[in-house]
Student: 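My questions will all concern the structure given below.
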4 protein chains.
Amino acid sequence: MIEKYSVRTDLALEQKERFESDNVEVQGVVLEEDYDEEREIRITTVKIETENGAKTMGKPVGTYITMEAPNMTVPDESYHEEISEELLKHMKQFVKLEKEDYSVLVVGLGNRKVTPDALGPYVVDNLNITRHIVKEYGKYAMGEDQAHLISAIVPGVMGQTGMESVEIIRGIVNETKPNLIIAIDALAARSSRRLNSTIQIADTGINPGSGVGNHRNAITEETVGVPVIAIGVPTVVDAATIVNDTMENLIEALENSETLRGVGVVMQGYNAAEKYELIKELISPHLNGLFVTPKDIDETVKRISYTISESLNMLFSGGHAHNH
Amino acid sequence: MIEKYSVRTDLALEQKERFESDNVEVQGVVLEEDYDEEREIRITTVKIETENGAKTMGKPVGTYITMEAPNMTVPDESYHEEISEELLKHMKQFVKLEKEDYSVLVVGLGNRKVTPDALGPYVVDNLNITRHIVKEYGKYAMGEDQAHLISAIVPGVMGQTGMESVEIIRGIVNETKPNLIIAIDALAARSSRRLNSTIQIADTGINPGSGVGNHRNAITEETVGVPVIAIGVPTVVDAATIVNDTMENLIEALENSETLRGVGVVMQGYNAAEKYELIKELISPHLNGLFVTPKDIDETVKRISYTISESLNMLFSGGHAHNH
Amino acid sequence: MIEKYSVRTDLALEQKERFESDNVEVQGVVLEEDYDEEREIRITTVKIETENGAKTMGKPVGTYITMEAPNMTVPDESYHEEISEELLKHMKQFVKLEKEDYSVLVVGLGNRKVTPDALGPYVVDNLNITRHIVKEYGKYAMGEDQAHLISAIVPGVMGQTGMESVEIIRGIVNETKPNLIIAIDALAARSSRRLNSTIQIADTGINPGSGVGNHRNAITEETVGVPVIAIGVPTVVDAATIVNDTMENLIEALENSETLRGVGVVMQGYNAAEKYELIKELISPHLNGLFVTPKDIDETVKRISYTISESLNMLFSGGHAHNH
Amino acid sequence: MIEKYSVRTDLALEQKERFESDNVEVQGVVLEEDYDEEREIRITTVKIETENGAKTMGKPVGTYITMEAPNMTVPDESYHEEISEELLKHMKQFVKLEKEDYSVLVVGLGNRKVTPDALGPYVVDNLNITRHIVKEYGKYAMGEDQAHLISAIVPGVMGQTGMESVEIIRGIVNETKPNLIIAIDALAARSSRRLNSTIQIADTGINPGSGVGNHRNAITEETVGVPVIAIGVPTVVDAATIVNDTMENLIEALENSETLRGVGVVMQGYNAAEKYELIKELISPHLNGLFVTPKDIDETVKRISYTISESLNMLFSGGHAHNH
């Protein structure tokens, strides 16, 4: 069905799953899975290797690593430390800080005043920023052999600044010449079970339509001039998506169920487009702009942002970071 | 269908509507409607007059006034002033402050740290509190002929305090002897179009199951010893409710539509209980604890709480209040 | 000098010091000191043993333990853990939780919206609250042999509630019958070097004039009916106090210095009252209501409140608490 | 006395006053005063006209307008509207928006997380941002004849970003080419009576040593390439300044007073440098990094920032702005 692929997800994993559920094989896309039973963390790597694969997937060529850890929504400090370390392991695949004086600009995308969109700003709040110290006192001021230059910006959203995030970032990159950007963003998922329990890392930067705010321009090596690693967590699901999904399930059930076999027979007479029209009519127009979110989203986003910033602090310092 | 009446709403108006949609007449319940076209405000008064009516409605005997103003979600200051004045007019039906030294305790129910549940605390933040001034300096300190004693408390939620709100309020009432309680609370609605655009005032107090937090005990004249006026605004809709509604629409459409007449015929063979089972199976278990809410809920709740507190400030002072 | 003893401090230790600096021995007051060099923590215990001592000190009979740890202002997580454990050790002297079902009400005094006064509310935010769980599911729900019933309230300040904190607390005590109250409050100190680096624990409750807000009534066993342990941290110093102190130093220097010996001779001709009048005239009236505070008070108060709440969580659970 | 001119103030007015109190005439600096008795607003214009004047004053050539309105600290909404309008009148002297498509970048300097330094970020929070709307939909989308392009940025402070504010701003200016920058900053004053009741507007930009944070580089036409108008409000006074002032008063009083004439005679034997040494010795080292501030600084800064943003909104729209 046409609409099936138009419903929005920022997770490459979910995009891939949708093709699988239709038994469509996507050329140029490779999937690897790994499951850590003890800690209940599932790692999925989606590699989009060809332009054809990119076109089908609606996402650029690159590597997308997804960590799914259902317990991430639980306020267990030691479990969050494990997540931080697992995340560190995967970030190291993308971020090589071997060179001395390597300089990273961390960008906290999103709106600090809208809780599910505040992930990026919150991550930046907890980072150990070092660029100004290394520049003024030299690398030995940090008490480390290798002192990387870490800077960070929370550009705000277009309604607050009147500017595209990419304009602000490109300007700052031109002035401060970082080697790499790491951009943090809240994402939209298709599946409510991935809410606040999934982290995606990608070497493709931020692309149009990504993020909880949907008006963003691309922030990629092409648009800002340095490589961009993107870290995202789905914090919302469109309300319409959830209704849509359940209704597709209903129609499928009508077609397959023993009990309702008769209905199934009739439904088979209608084509995808007709069924899509039917669903579209029935979904309330009042759902536009509404999102599905847990009630304790404020605390959840704070906790996850802390987990990510701890991981970044470890990455940048080469060791373990403790910073409340 | 049985479940139809079990899905949760805190609005008496929505409860009444559900019976109407089934063409069931409810004995002992009277409905009055009024529509102000110019300002697009609909006022509905539901009076539950008998114990029978109360039983059917699942809500206690009393009067429930609902103001629906779709533009309440828009940040238009002068429109919010009109809402404040309209709300004032209706509160005056319930709250008679004729006596001098009349004393009112305003209770801001809910969780200040969870945005959609923070309505009550935010309203209390903007109130003009006078009890301590009148007690220390006399009523002339207020520069008013009639100086009412206004006090307020934000009791917090059980997870924060370890106590029922009713325990805290009863304790304070015993100590400070107010004549009346006005309790403000965030509500759950059934319909997403009522989100953040509806205010309900009731002379029945707060009853079990009301509010965005669902663990509350009754706060009523019976439990705290003084009359309790409740003011509420629906700030969330259960995610499951929205899915459920749309699916009921689908089944209804299957039964009635020209295009899908064949399916309709088959569906008629199944009874309500069978259809309910079908829906229940299809709704994702991951929707439990999820709510539908607009992304800008933070600002919306602040704006509406200000509108309500301005109205209360006018009510208590007898005039117009300005207080940023 | 008369005013010397009228300048405000909430620390028994500072009151005692002032007498010492004048070589006045205070009858009925015992002082013990202990210094942990490695961790740079100084513990001072002031015991006011007689009513005479209480009258001279201007503080009720009881035990006041002061922990001074200059590094408390530094954001070092492991040092804060040490402070938590040291604090735990001293709290255990006052709080005996041997009995099963022992019930403690923690009171977070102060104003959540005024940073230096927000210590109490912030401590309560991080507590593990258990009363409602134990009451509903029994003590085994906590996975502990001894499950104490911990409840907490943030009563707010009089300008917000129109009520004295003691009215609210007495009401709640009458309803919920705790065995003990632990009240947390931000204090005023005389000395700027004690700002945010000192914790006082006292078994005397909260007394008039204590706290950053100065309008409070006593919260003591006499006024609320159960023992009250008070925990406080000085977060502000009156601006006038600092000026006053430095000027006393100046006058003393004038009297004693080699260089200014001539002035000293003249000054000796003036008595304490005359010198006090001189100082009072010179202190700017614009200092009234002004406080001396570090610029990063927001983060400092958050960090210290977390240190205290961790200590309380350990106290209540009998073990180590982890709760972000 | 040497130190007299080294004590820090960001107000040109205060710098000028200090010379006056010593009866020193400053060449190349012109002062104009105006007092509105009814509204109790004093307007002082300091014009530094020559490089010599600039050198003596320690501030660049330019015009500095100061509005002093003692009632600004009072939460009176209609008075704040009057301040907004008075401020508008003076800003119009500096900001000429005659050209269509005039584009202004508002910069909110300071640290959002440190209350007395949060003035700039708070002002930006309440601005009507239009650049993105005009760029996408054209000027008629604004319903105005003249639609200016207003953008804004909160760059954060160096400890948060690792970058100088001027680096971030220069980068953004290069990308977005505004015609003018308006930079908002919290200032340090010398006099506690000017705290939160004074607004300075200057056409000289932000200069080293300005602001509550003292590590800033210049943000001026020379460093960013477009004219910079600076708006500032003193929100803190150094604690050491207040002590220093009072002690200077004391020494002056000793020299002049009838009562202490004898001391005066002796003090005259000592020179400025000796007196300065004396004072320096007596001021507590613990005052370093401490500031004098009112306890309700949180609410005060919010109110004043709203007053300024309303004034800017009126300036940009050509009319009256209402925006909660």
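Numbered from 1 within each chain, the chains take letters A, B, ... in sequence-line order. What's counted below: heavy atoms across the whole structure, side chains too, no hydrogens, waters or symmetry copies. The structure presented is a predicted model; accordingly, all values stated were derived computationally and were not measured.
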Student: How about H132(D) and E164(A): do any of their side-chain heavy atoms sit closer than 4.5 Å?
Tutor: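 A side-chain contact is absent here, since even the closest heavy-atom pair is not under 4.5 Å.
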Student: Between T176(A) and M163(D), which heavy-atom pair has the shortest distance, and what is it?
Tutor: CG2-SD, 3.7 Å
Student: Can you tell me which portion of Q160(D) sits under 4.5 Å from chain A's heavy atoms? Options are side chain, backbone, both or neither.
Tutor: backbone
Student: When rounded to the nearest 0.5 angstrom, what is the spacing between CE in M158(D) and CD1 in I129(A)?
Tutor: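 That separation rounds to 12.0 Å.
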Student: Closer than 4.0 angstrom, basic N to acidic O: yes or no for K177(A) and E167(D)?
Tutor: no
Student: Looking only at heavy atoms, which two atoms of I153(A) and P155(D) are closest? And how far apart?
Tutor: CD1-O, 3.8 Å
Student: Name the one of I172(D), I168(D), N174(D), V173(D) that satisfies side-chain contact (heavy atoms from CB on, under 4.5 Å) with E175(A)?
Tutor: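 Testing each of I172(D), I168(D), N174(D), V173(D) against E175(A), the sole residue satisfying side-chain contact (heavy atoms from CB on, under 4.5 Å) is N174(D).
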Student: Check whether L105(A) gets within reach of chain D through its side chain, its backbone, both or neither, counting any heavy atom under 4.5 Å.
Tutor: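 The answer is the side chain of L105(A).
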Student: Do the non-hydrogen side-chain atoms of K113(A) and D125(D) ever get within less than 4.5 Å of each other?
Tutor: yes
